[in-house]
J.: 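The structure follows.
Keep in mind that what you see is a predicted model, and the values were worked out from it rather than measured. Along the sequence shown, residues carry numbers from 1. Every number for a ligand or one of its atoms is a count from 1 in the order of the listing.
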Amino acid sequence: MTDDRKDMSGWRADTRNIHGAGEMRSSYGETSEALYLTSGYVYPSAQEAANRFTGEAEGYVYSRYANPTVTMFEERMRLLEGAPAAMATSSGMAAVNAVFMSLLKAGDHVLASRALFGASLYLLNVLLPRFGVETTLVDGADLKAWESAMRPETKLVFLETPTNPTLDLVDIGAVAQIARAGDAKLVIDNVFATPVLQKPLELGADIVLYSATKHIDGQGRCLGGIVLGDEDYIGGELMQFCRQTGPSLSPFNAWVMLKGLETLSIRVRQHCENAAKVADFLAGHKAVERVIYPGRDDHPQHDLCVRQMGGVGGPLVSFEVKEGQAAAFDFMNRLDIVKICNNLGDAKSLITHPVTTTHQRLSDEERAKLGITPSLVRLSVGLEDVDDLMEDLDQALGQQGAGSR
Ligand SMILES: *Cc1c(COP(=O)(O)O)cnc(C)c1O
């Protein structure tokens with residue numbers, strides 16, 4: 001695959017998202033990439049099978065190792081991210097787990113920001129300590145905290161930006177310098193920014209990973225994940241881990257993701273344009289206490305958003321509804337177009353109440369530290385007509401305080 005890879009460096013991102021991996025077209029010349037729904041591969045001879053197993057001959061062996069449709073998805077993502085190599089996984093959490101398990105051993109230390117996806121927190125706080133790996137969580141915006149929490153045994157530094165659900169930003173370039181000075185690898189979960197808005201590898205990160213379940217699929221159909229980084233790591237430790245333990249992406253899901261990439265950038269741009277309008281609308285609404293959107297200049301880290309995300313605030317908006325949790329529930333229940341769902345990155349607008357869903361497992365104290373209050377809701381802004389969205393939000397907010405309360 002590597003040797004006859006077409007040089008697409010002269011093409012721009014939107015072109016590569018559509019034609020990347022096109023050299024893998026089969027002899028039938030299909031325009032839409034083939035779905036190789038197969039677990040095994042037939043060898044022309046016993047010797048060829050032997051040669052593939054020793055690595056002397058190139059070729060597929062078993063779909064736990066690799067599959068042509070999965071390879072096409074990896075290749076198109078690799079081109080988009082500008083990464084030397086990529087490895088797909090069965091979900092975003094499979095990607096996070098594979099990175100942790102392939103890089104860490106007993107006695108190592110992990111430094112991470114406190115505001116993380118709930119399952120990633122579980123890995124760091126519960127699972128890794130069972131295997132002798134220690135974890136320290138810091139406030140991601142506090143660069144001094146990152147610096148002073150580094151230890152000689154720190155092997156991995158992990159963060160998300162923007163964070164879920166409070167949309168705080170972390171300065172990737174600055175944390176990259178701290179990680180590098182301590183010889184630790186910096187890993188970025190780039191889901192909330194998407195590969196369209198933010199390029200962690202260019203900012204100094206070593207590894208970037210995604211839940212492809214979100215904007216890469218974009219229509220809420222399949223689970224998937226991917227890890228991108230240098231060839232040594234991806235083709236070495238990570239590939240060994242994935243081959244031996246099996247968090248492989250199904251070819252069907254890879255095919256859906258591959259097609260999703262063809263429209264990723266126009267979708268993300270539209271999600272963000274809608275989100276920016278919705279954020280401004282909410283900021284001016286009397287039933288809204290506070291709007292959090294990195295693209296607005298009232299966001300405390302708006303400058304960093306300009307430097308790191310090109311000033312685009314992303315596809316999510318979080319906000320606090322006046323009068324607490326019961327009012328937030330009433331508001332959500334009155335929504336018509338916007339659906340109540342904890343997923344995100346769908347063409348459909350989705351809203352969730354983090355305290356009672358995604359962040360339910362955290363203690364009150366942990367939630368308070370993160371700024372996750374009972375009146376906070378997180379809105380994944382979809383691709384509907386933004387005027388319809390604002391009207392829907394308005395009618396649901398408009399009755400605020402007029403009902404039983
Ligand atoms: C959804 C998500 C994950 C986990 O991905 P799955 O595909 O659900 O396993 C990890 N990190 C972030 C930021 C996410 O939004």
J.: Just by distance, no angles: are the side chains of Q244 and Q240 close enough, under 3.5 Å, to form a donor-acceptor pair?
T.: yes
J.: Look at atom 7 (O) of ligand 1 and say which protein heavy atom is nearest, naming residue and atom and giving the distance to 0.1 Å.
T.: T213 OG1, 2.6 Å
J.: Could you tell me the residue and atom name of the protein heavy atom closest to atom 1 (C) of ligand 1, and the distance to it rounded to 0.1 Å?
T.: K214 NZ, 1.4 Å
J.: Is D280 salt-bridged to K277, cutoff N-O under 4.0 Å?
T.: no
J.: Please identify which atoms of ligand 1 are closer than 4.0 Å to at least one heavy atom of S211.
T.: 1 (C), 2 (C), 3 (C), 4 (C), 5 (O), 6 (P), 7 (O)
J.: Under 3.5 Å, is there a donor on one side chain and an acceptor on the other for E56 and T54?
T.: yes
J.: For ligand 1, is there an N or O atom under 3.5 Å from any N or O atom of G92?
T.: yes
J.: If you measure from the Lys or Arg side-chain nitrogens to the Asp or Glu carboxylate oxygens, is any gap between R76 and E33 under 4.0 Å?
T.: yes
J.: Looking only at the side chains, is there a donor atom on one of N164 and E160 sitting less than 3.5 Å from an acceptor on the other?
T.: no
J.: Starting from atom 9 (O) of ligand 1, locate the nearest protein heavy atom and write down its residue, its atom name and how far away it is, to 0.1 Å.
T.: M93 N, 2.8 Å
J.: Can you find a side-chain donor-acceptor pair between T154 and H109 that sits under 3.5 Å?
T.: yes
J.: Got the closest protein heavy atom to atom 12 (C) of ligand 1, with its distance?
T.: D189 OD2, 3.4 Å
J.: Less than 3.5 Å between some nitrogen or oxygen of S120 and one of ligand 1, yes or no?
T.: no
J.: N274 side chain to V386 main-chain N or O, any donor-acceptor pair under 3.5 Å?
T.: no
J.: Counting only nitrogen or oxygen atoms and a 3.5 angstrom limit, does E160 reach ligand 1?
T.: no
J.: Could you check whether any heavy atom of N164 sits closer than 4.0 Å to an atom of ligand 1, since that is the contact criterion I want to use?
T.: no
J.: Do F117 and ligand 1 have an N or O pair less than 3.5 Å apart?
T.: no
